2 protein chains.
Amino acid sequence: MSDTRSEAKGGRYHHGDLKAALVDAAIALIAERGVRDFSLAEVSRRLGVTVAAPYRHFADRDDLLAAVGIRAVDAFAAALAAQARDTDSPAQRLAALAGAYVRFAGEQRPLFDTLFVTGIDKSRYPEFRRAFHALEETFRACALEVCGQDARAADALMAVTEATAHGHATLLLDGSFDDEEDPVSTAADQAASATLALIKGRTALRRPS
Amino acid sequence: MSDTRSEAKGGRYHHGDLKAALVDAAIALIAERGVRDFSLAEVSRRLGVTVAAPYRHFADRDDLLAAVGIRAVDAFAAALAAQARDTDSPAQRLAALAGAYVRFAGEQRPLFDTLFVTGIDKSRYPEFRRAFHALEETFRACALEVCGQDARAADALMAVTEATAHGHATLLLDGSFDDEEDPVSTAADQAASATLALIKGRTALRRPS
DNA sequence: GTCTATACCCGGATAGAC
DNA sequence: GTCTATCCGGGTATAGAC
């Protein structure tokens with residue numbers, strides 16, 4: 001992609017965008033071996049670069065991981081925003097949001113894992129808290145419509161909707177839906193219908209003060 | 001605890017139950033440093049034993065981790081069974097089950113993480129699939145009562161209840177409830193009330209064929 | 001059943017040359 | 001901006017003595 005090499009031989013990234021290439025390669029590595037086995041050394045190797053090279057662009061290992069995380073948050077927000085269209089009823093839109101949440105986890109597993117499994121230091125990267133908050137706002141706005149502008153009820157609905165979507169997402173990634181023909185769609189549809197059920201039965205929800 | 005040393009000096013586990021001690025120490029280590037940083041070497045060090053000693057009792061690192069996992073499943077099953085009493089209505093019992101699920105995650109974090117974060121090889125340890133299935137049966141039996149013996153409806157309700165409980169559990173461990181005075185209870189109560197809402201609105205649930 | 005000793009591999013990180 | 005060279009630490013695992 002951004003593999004702009006100034007020299008054909010040697011595979012060196014002189015003048016090339018090594019920084020972006022490192023992020024791409026990191027995502028690919030995470031996709032193959034999981035977040036846990038991510039290593040700066042292996043990423044360097046795959047790019048045909050020395051282990052010392054990345055340190056010109058990232059302070060340390062966690063710094064590269066955080067860069068991946070930032071890309072992940074952006075992609076996640078975009079995936080959810082694409083569902084926040086004004087079609088259908090508010091209830092169906094909230095259900096679609098939950099489905100999109102699960103679908104993102106299934107289709108962009110390395111990004112989703114980077115967000116939730118890695119444990120990025122939020123005090124070191126404050127942009128993270130902000131970005132996560134933005135995700136929540138997408139759910140909140142929709143829940144507010146469902147609840148007819150009752151803020152307390154909307155908060156309660158939003159919280160359980162997110163948790164339900166998150167539960168389906170993590171179980172999906174844990175392999176709990178692997179017996180199905182299409183695990184991702186099954187999990188996403190189930191999360192969506194669960195959201196509709198939550199809305200129907202929402203008078204039972206606990207209202208946080 | 002099972003620290004039965006035959007010699008006062010040297011801290012050696014001759015005749016002692018090193019196997020059980022290793023499991024205990026492993027749990028303690030996971031509690032302190034998380035599943036990710038678990039290592040056979042560190043466990044050995046803490047017990048005052050050489051890194052070679054564990055290999056008399058466990059084939060390798062994963063084998064000890066699996067032993068922790070088996071203890072975890074048992075404890076989890078017991079925690080849930082304690083909620084499956086015949087008091088209250090079926091609906092309230094299912095809600096209590098969901099709450100207990102979340103509470104176990106919060107109170108026995110190292111065990112819960114060992115089950116879901118470690119990634120124990122289920123083909124190598126088949127007792128795991130069985131034990132997990134048993135957990136599901138607890139939910140299924142309760143859901144069946146709620147649904148008046150309608151098996152298809154019960155399956156759908158069971159699946160979303162588990163996913164909802166799981167979502168609250170993982171978000172709790174991710175720190176999403178850390179703003180609350182009592183994060184564990186907040187998450188558990190929220191999962192319980194969500195379950196009641198799911199039951200009330202369950203006509204919206206998708207019925208798997 | 002545990003220890004001593006060892007071999008091996010891998011990751012993180014830095015100094016200094018080019 | 002990248003490479004060479006190198007150091008450090010840590011984990012897994014085994015052989016053979018006791």
Side-chain angles (χ1 to χ4, degrees), chain A residues 2-26 28-30 32-68 118-121 124, chain B residues 2-26 28-30 32-68 118-121 124:
Chain A
S2 40
D3 181 352
T4 319
R5 310 184 180 193
S6 65
E7 302 172 300
K9 60 164 185 178
R12 297 168 130 174
Y13 278 87
H14 289 294
H15 313 299
D17 197 353
L18 178 58
K19 183 163 185 172
L22 284 165
V23 176
D24 290 338
L29 175 59
I30 292 171
E32 285 176 40
R33 307 229 278 236
V35 226
R36 311 209 47 174
D37 288 356
F38 163 80
S39 92
L40 211 44
E42 176 64 18
V43 171
S44 307
R45 241 174 268 130
R46 292 184 174 209
L47 288 175
V49 157
T50 324
V51 294
Y55 291 90
R56 278 289 139 181
H57 305 281
F58 298 99
D60 53 30
R61 183 204 128 106
D62 286 1
D63 207 39
L64 172 52
L65 223 38
V68 174
T118 309
I120 296 173
D121 186 348
R124 183 174 172 188
Chain B
S2 40
D3 179 353
T4 320
R5 312 185 179 193
S6 65
E7 302 173 300
K9 60 164 184 177
R12 296 170 133 175
Y13 278 87
H14 290 294
H15 312 301
D17 197 353
L18 178 58
K19 183 162 185 170
L22 284 166
V23 176
D24 290 338
L29 175 59
I30 292 172
E32 285 176 40
R33 307 228 278 237
V35 226
R36 320 242 342 219
D37 289 357
F38 162 80
S39 92
L40 211 44
E42 176 64 18
V43 171
S44 306
R45 240 174 270 129
R46 293 185 173 208
L47 288 176
V49 156
T50 324
V51 294
Y55 290 90
R56 277 290 139 181
H57 305 280
F58 298 99
D60 53 30
R61 183 204 129 106
D62 286 2
D63 206 39
L64 171 53
L65 223 37
V68 174
T118 308
I120 296 173
D121 186 349
R124 183 173 172 189

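Small disclaimer: the values here were computed from a predicted structure and weren't measured. Letters A, B, ... are given to chains in the order of the sequence lines, protein chains preceding strands, and every chain is numbered from 1.
Considering only heavy atoms from C-beta on, A:V49 comes within 4.5 Å of A:L18 through its side chain.
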task = Starting at the 5' end of nucleotides 13-18 of chain C, put B wherever the base has a protein heavy atom under 4.0 Å, S where only the sugar-phosphate does, and a dash everywhere else.
result = BB----
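The CZ-P distance, from B:R45 to D:dT12, rounds to 9 Å in whole Å. To the nearest angstrom, P of C:dT2 lies 9 Å from CG of B:L22. Summarising the geometry, the separation between CD on A:E42 and C1' on C:dC9 is reported as 14 Å, rounded to the nearest angstrom.
With sequence neighbours excluded, the residues forming a side chain to side chain contact (heavy atoms under 4.5 Å, CB included) with B:A41 are B:S39, B:R45, B:V51, listed by chain and number. Taking the salt bridge (Lys or Arg N to Asp or Glu O under 4.0 Å) definition, one finds that B:D60 meets it with B:R124, sequence neighbours left out. B:R46 is linked by a side-chain hydrogen bond (donor to acceptor under 3.5 Å, both in side chains) to B:E32, B:E42, counting only residues two or more places apart in sequence or in another chain. Residues satisfying the side chain to side chain contact (heavy atoms under 4.5 Å, CB included) test with B:F38, not counting sequence neighbours, are B:A26, B:L29, B:I30, B:V43, B:R61, B:L64, B:L65.
Each end of the helix from C:dG1-D:dC18 to C:dC18-D:dG1 yields a helix axis from five base pairs, and these two axes differ in direction by 0° (to the nearest 10 degrees).
A:T50 has no side-chain polar atom (N or O) that falls below the 4.0 Å cut-off from OP1 or OP2 of D:dT2.
Here OG1 of A:T50 is found 12.5 Å from OH of A:Y55. Values are rounded to the nearest 0.5 Å. Expressed to the nearest 0.5 Å, how far CG of B:L22 lies from CG of B:D17 amounts to 9.0 Å.
Among all heavy-atom pairs drawn from A:I120 and A:A66, the shortest one is CD1-CA, 4.1 Å.
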